[in-house]
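Since the model is a prediction, treat every value here as computed from it, not as a measurement. Order of the sequence lines sets the chain letters (A, B, ...), proteins ahead of strands, with each chain counted from 1.
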2 protein chains.
Amino acid sequence: MFELDVRSRKPIYEQLVEKLKQLIINDVLKEDEKLPSVRELAQQLTINPNTIQKAYRELESQGYIYSLKGKGSFVHPSGKVDNEEELKKVREELKKLFAEAIYLGMTSEEIAALLREVEGGHQDD
Amino acid sequence: MFELDVRSRKPIYEQLVEKLKQLIINDVLKEDEKLPSVRELAQQLTINPNTIQKAYRELESQGYIYSLKGKGSFVHPSGKVDNEEELKKVREELKKLFAEAIYLGMTSEEIAALLREVEGGHQDD
DNA sequence: CTACTGTACTAGAAGTAATAATACAGTTAA
DNA sequence: TTAACTGTATTATTACTTCTAGTACAGTAG
């Protein structure tokens, strides 16, 4: 499914959260699609099931997936995501990053171009 | 100078790097201005000098400050910052964050408005 | 019942962060 | 030169987080 850097300073479960978030955002994992089970993914990646569960729990709290006991974990339908808390974090993060980018010499136009690029790749069904 | 959350999951030295970066970017700390010495800041914040030094070392490697043995640490002149490596990281981070913001329901216009807001607050002398 | 699912808990190992104490080298001013 | 600053480096120890390992319980589906 993907690769992890176990030697990274960044915790494995955080890497997992990031990677899975990317897959969901980029629609590689579709709405209501079943994710690998905790034990299955743990075996695939040769890491501990508890670490997977920690990542899934985080993704659930952020509104990206939902889990059903006995059934599995599934991608949360994008349209129904309404996580004002996450949105607030993202807005703050954007502001910080904009200031940093400008400080490092990027122009507003360069940044806007990057936005259009990402927006272009985003297709609603 | 500022406050730290010692109970946070985020390491103190990382919090320090972030806060100082903000002060530099927002021109609270001016070009070539001397930062508090390692020992002085450590005493002010009641944390260990080694932790301060770790933050300063990181800021230096990212190009935000420069340190002179025997003299002190100083804000790196903004115009002369040329850290292609940092810039690359920022660009990647921007793309990730744009995708995430859009996924969470923000429109391009909202994001662009945020950019203009930050840009407006940025004044060159 | 059996074999899956998520979830929870405890215990221990491993790695990172933070502290403490000390030391050395360069700068500056008396 | 001396004294008091500066950054920098090293070692040891403590504390905390991550990760692993093992076990257990509850819900689902065939």
| message | Taking only side-chain N and O atoms of B:S73, does any of them lie within less than 4.0 angstrom of OP1 or OP2 on D:dG7? | response |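 Result: yes.
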| query | Any side-chain N or O of A:T51 less than 4.0 Å from the OP1 or OP2 oxygen of D:dT20? | reply |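 For A:T51, the contact criterion (side-chain N or O under 4.0 Å from OP1 or OP2 of D:dT20) is met.
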| Which sits closer to the 5' end of DNA chain D, A:E14 or B:G72, going by the nucleotide each is nearest to? |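 Here B:G72 is the residue nearer the 5' end.
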With rounding to the nearest 0.5 Å, note down the distance linking [atom1] in [X] to [atom2] in [Y].
X      : Y      : atom1 : atom2 : value
B:E109 : B:L114 : CD    : CG    : 11.0 Å
A:L20  : A:I25  : CG    : CD1   : 11.0 Å
A:I52  : A:Q43  : CD1   : CD    : 11.0 Å

| field | Atom CD of A:E40 with >12 non-hydrogen neighbours under 6.0 angstrom | value |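 Count over threshold, so yes.
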Check the distance between [N]'s [atom2] and [X]'s [atom1] and give it to me in whole angstrom.
X     : N      : atom1 : atom2 : value
A:R9  : D:dC19 : CZ    : P     : 13 Å
B:I52 : D:dT6  : CD1   : C1'   : 15 Å
B:I12 : D:dT17 : CD1   : C1'   : 14 Å
B:Y13 : D:dC16 : OH    : C1'   : 14 Å
B:R57 : D:dG7  : CZ    : P     : 13 Å
A:L4  : D:dT18 : CG    : P     : 16 Å
B:L35 : D:dT6  : CG    : C1'   : 13 Å
B:Y56 : D:dT6  : OH    : P     : 10 Å

| task | Could you tell me which non-hydrogen atom of A:V75 sits nearest to which non-hydrogen atom of A:Y66, and how far apart they are? | result |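 Residues A:V75 and A:Y66, closest heavy atoms: O-CE2, 3.4 Å.
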| request: For the residue pair A:R91 and B:M106, establish whether any side-chain heavy-atom pair is separated by less than 4.5 Å. | output: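 When only atoms from C-beta onward are counted, B:M106 and A:R91 do touch, with a gap below 4.5 Å.
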| message | What is the first contacted nucleotide of DNA chain C and what is the last, in 5' to 3' order, if contact means an atom lying under 4.0 angstrom from a heavy atom of chain B? | response |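 Contacts span C:dA17 to C:dT28, reading 5' to 3'.
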| field | 5'-most by nearest nucleotide on DNA chain C - A:K34 or A:S8 | value |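 First, find each residue's nearest nucleotide; the 5'-ward one identifies A:K34.
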| task | Scan nucleotides 21-30 of chain D nucleotide by nucleotide, 5' to 3', and note B when protein non-hydrogen atoms come under 4.0 Å of the base, S if they reach only the sugar-phosphate, - if neither. | result | BB-B-BBSS-
| Between A:N26 and B:Y103: side-chain donor-acceptor atoms closer than 3.5 Å |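 Their side chains do not contain a donor-acceptor pair, so the 3.5 Å distance test is not met.
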| query | Using 4.0 Å as the upper bound for N to carboxylate O, is an ion pair formed by A:E92 and A:K89? | reply |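 Not counted as a salt bridge, because no side-chain N and carboxylate O are separated by less than 4.0 Å.
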| message | Can you pull out every salt bridge (charged side-chain N to carboxylate O under 4.0 Å, His left out) where at least one residue sits in residues 8-17 of chain A? Sequence neighbours excluded, please. | response |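 Those involving residues 8-17 of chain A are A:K10-A:E18.
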